[in-house]
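First comes the structure, then the notes that go with it.
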2 protein chains.
Amino acid sequence: MANMNSALLALADPTRRAVFERVARSPAPVGDIAMGLPVSRPAVSQHLKVLKEAGLVLDHADGARRIYRIDPRGLGPLRAWLDQFWGEALDAFAADLEAHAKDDKDDDHD
Amino acid sequence: MANMNSALLALADPTRRAVFERVARSPAPVGDIAMGLPVSRPAVSQHLKVLKEAGLVLDHADGARRIYRIDPRGLGPLRAWLDQFWGEALDAFAADLEAHAKDDKDDDHD
DNA sequence: GCTTACCGTAAGCGTACACTTACGGTAAAT
DNA sequence: ATTTACCGTAAGTGTACGCTTACGGTAAGC
């Protein structure tokens with residue numbers, strides 16, 4: 001689908017994000033990717049499928065092997081959403097600071 | 001925890017992301033947030049707890065109500081990760097384009 | 001004091017999902 | 001042609017998680 005929702009869902013899982021980062025460093029076949037991770041090769045294959053459907057990676061055949069590489073355009077929607085959100089959030093935060101301006105200390109953290 | 005992992009996990013769920021966007025627009029009590037969503041109030045409360053532990057929102061008491069507002073600093077780590085990744089990804093992509101330069105068309109999409 | 005409003009949490013449930021093993025299919029090697 | 005290497009998918013399993021209803025606790029209103 002390659003929208004922001006699927007990208008966010010794909011990158012939420014730590015293992016899958018590790019796969020993504022590995023592929024981002026340099027294109028590699030599935031076996032090589034799986035070798036650096038604590039999961040089986042089919043698991044990596046499934047993760048790559050999700051990443052591919054999210055528009056985050058591209059694949060092409062190389063003999064019996066299948067090379068995966070990153071598709072940086074897949075990060076576009078997510079980055080755009082975050083950027084638009086960044087300004088909006090800062091505006092709201094600043095406005096809220098002006099409005100209250102004094103009760104900024106009574107928020108309880110864990 | 002307020003790290004990138006928890007932020008990514010928190011924003012992955014569509015309902016919780018809707019809660020986050022609602023809070024980002026303007027601070028609001030739990031009941032008001034729940035009113036604009038197709039889930040119950042306790043569900044919103046649980047989502048807010050996750051968002052709070054991820055460092056994405058702040059809360060403060062206002063009588064019997066509890067006002068939630070965004071914490072834009074929570075998006076920092078995620079944005080930093082994405083930025084660092086953005087350049088890295090583009091570099092790898094460009095390098096790969098130079099290396100292959102001709103088999104850019106044999107990637108199969110769904 | 002009693003009632004009403006607002007909220008967090010516990011308990012329980014159904015489902016999505018990350019992982020494994022097993023299998024089949026294609027491509028290179030001998 | 002047979003074997004070996006590499007990979008995707010199907011089937012099954014355990015668990016995390018998003019949601020609901022039920023409950024208890026605090027703050028304002030009468």
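Note on naming: letters A, B, ... go to the chains in the order of the sequence lines (proteins, then strands), and numbering restarts at 1 for each one.
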Counting the atoms with a prime plus P, OP1 and OP2 as sugar-phosphate, which does B:Arg16 contact under 4.0 Å by heavy atoms, base, sugar-phosphate, or nothing? sugar-phosphate
Just checking A:Pro42: base, sugar-phosphate only, or nothing, at a heavy-atom cut-off of under 4.0 Å? base
Could you tell me the separation between the [atom1] atom of [X] and the [atom2] atom of [N], rounded to a whole number of Å?
{"X": "B:Asp13", "N": "D:dA16", "atom1": "CG", "atom2": "P", "value": "17 Å"}
{"X": "A:Ile67", "N": "C:dT26", "atom1": "CD1", "atom2": "C1'", "value": "15 Å"}
{"X": "B:Asp62", "N": "C:dG8", "atom1": "CG", "atom2": "P", "value": "13 Å"}
{"X": "B:Arg41", "N": "D:dG25", "atom1": "CZ", "atom2": "P", "value": "16 Å"}
{"X": "A:His47", "N": "D:dT9", "atom1": "NE2", "atom2": "P", "value": "15 Å"}
{"X": "B:Met35", "N": "C:dC7", "atom1": "CE", "atom2": "P", "value": "9 Å"}
{"X": "B:Leu9", "N": "C:dC17", "atom1": "CG", "atom2": "P", "value": "13 Å"}
{"X": "A:Arg66", "N": "C:dA27", "atom1": "CZ", "atom2": "P", "value": "10 Å"}

Between B:Val39 and A:Ala28, which residue's closest nucleotide on DNA chain D lies nearer the 5′ terminus? A:Ala28
Judged by nearest nucleotide, the residue sitting upstream toward the 5' end of DNA chain D, A:Asp32 or B:Gly63, is A:Asp32
By nearest nucleotide on DNA chain C, pick out whichever of B:Val44 and A:Pro38 is the more 5' one. B:Val44
Could you walk me through whether A:Asp83 and B:Arg79 pass the salt bridge (Lys or Arg N to Asp or Glu O under 4.0 Å) check? CA-CA 8 Å; A:Asp83 271 8; B:Arg79 205 181 122 90; 2.3 Å; yes
Are side-chain heavy atoms of A:Val50 and A:Asp13 found at a separation under 4.5 Å? no
Using a cut-off of less than 4.0 Å, is there contact between a side-chain N or O of [X] and OP1 or OP2 of [N]?
{"X": "A:Thr15", "N": "C:dA18", "answer": "no"}
{"X": "A:Tyr68", "N": "D:dG8", "answer": "yes"}
{"X": "B:Ser45", "N": "C:dC7", "answer": "no"}

Counting only side-chain heavy atoms from C-beta out, which of [options] sits nearest to [X]?
{"X": "B:Gln46", "options": "C:dA10, C:dA18, D:dG8", "result": "C:dA10"}
{"X": "A:Lys49", "options": "D:dT9, D:dC19, C:dA5", "result": "D:dT9"}
{"X": "A:Ala64", "options": "D:dA11, D:dA5, D:dT21", "result": "D:dA5"}
{"X": "B:Arg65", "options": "D:dC19, C:dT20, C:dC7", "result": "C:dC7"}

Using a strict threshold of under 4.0 Å (side-chain N to carboxylate O), is an ion pair present between B:Asp32 and B:Arg22? no
A:Asp59/A:Arg69 salt bridge by N-O under 4.0 Å criterion: no
Let's go through B:Leu56 and B:Ile70 carefully: what are the C-alpha distance in whole Å and the side-chain angles of both, what is the deciding distance for side-chain contact (heavy atoms from CB on, under 4.5 Å) to 0.1 Å, and is it a yes or a no? CA-CA 6 Å; B:Leu56 292 171; B:Ile70 199 178; 6.0 Å; no
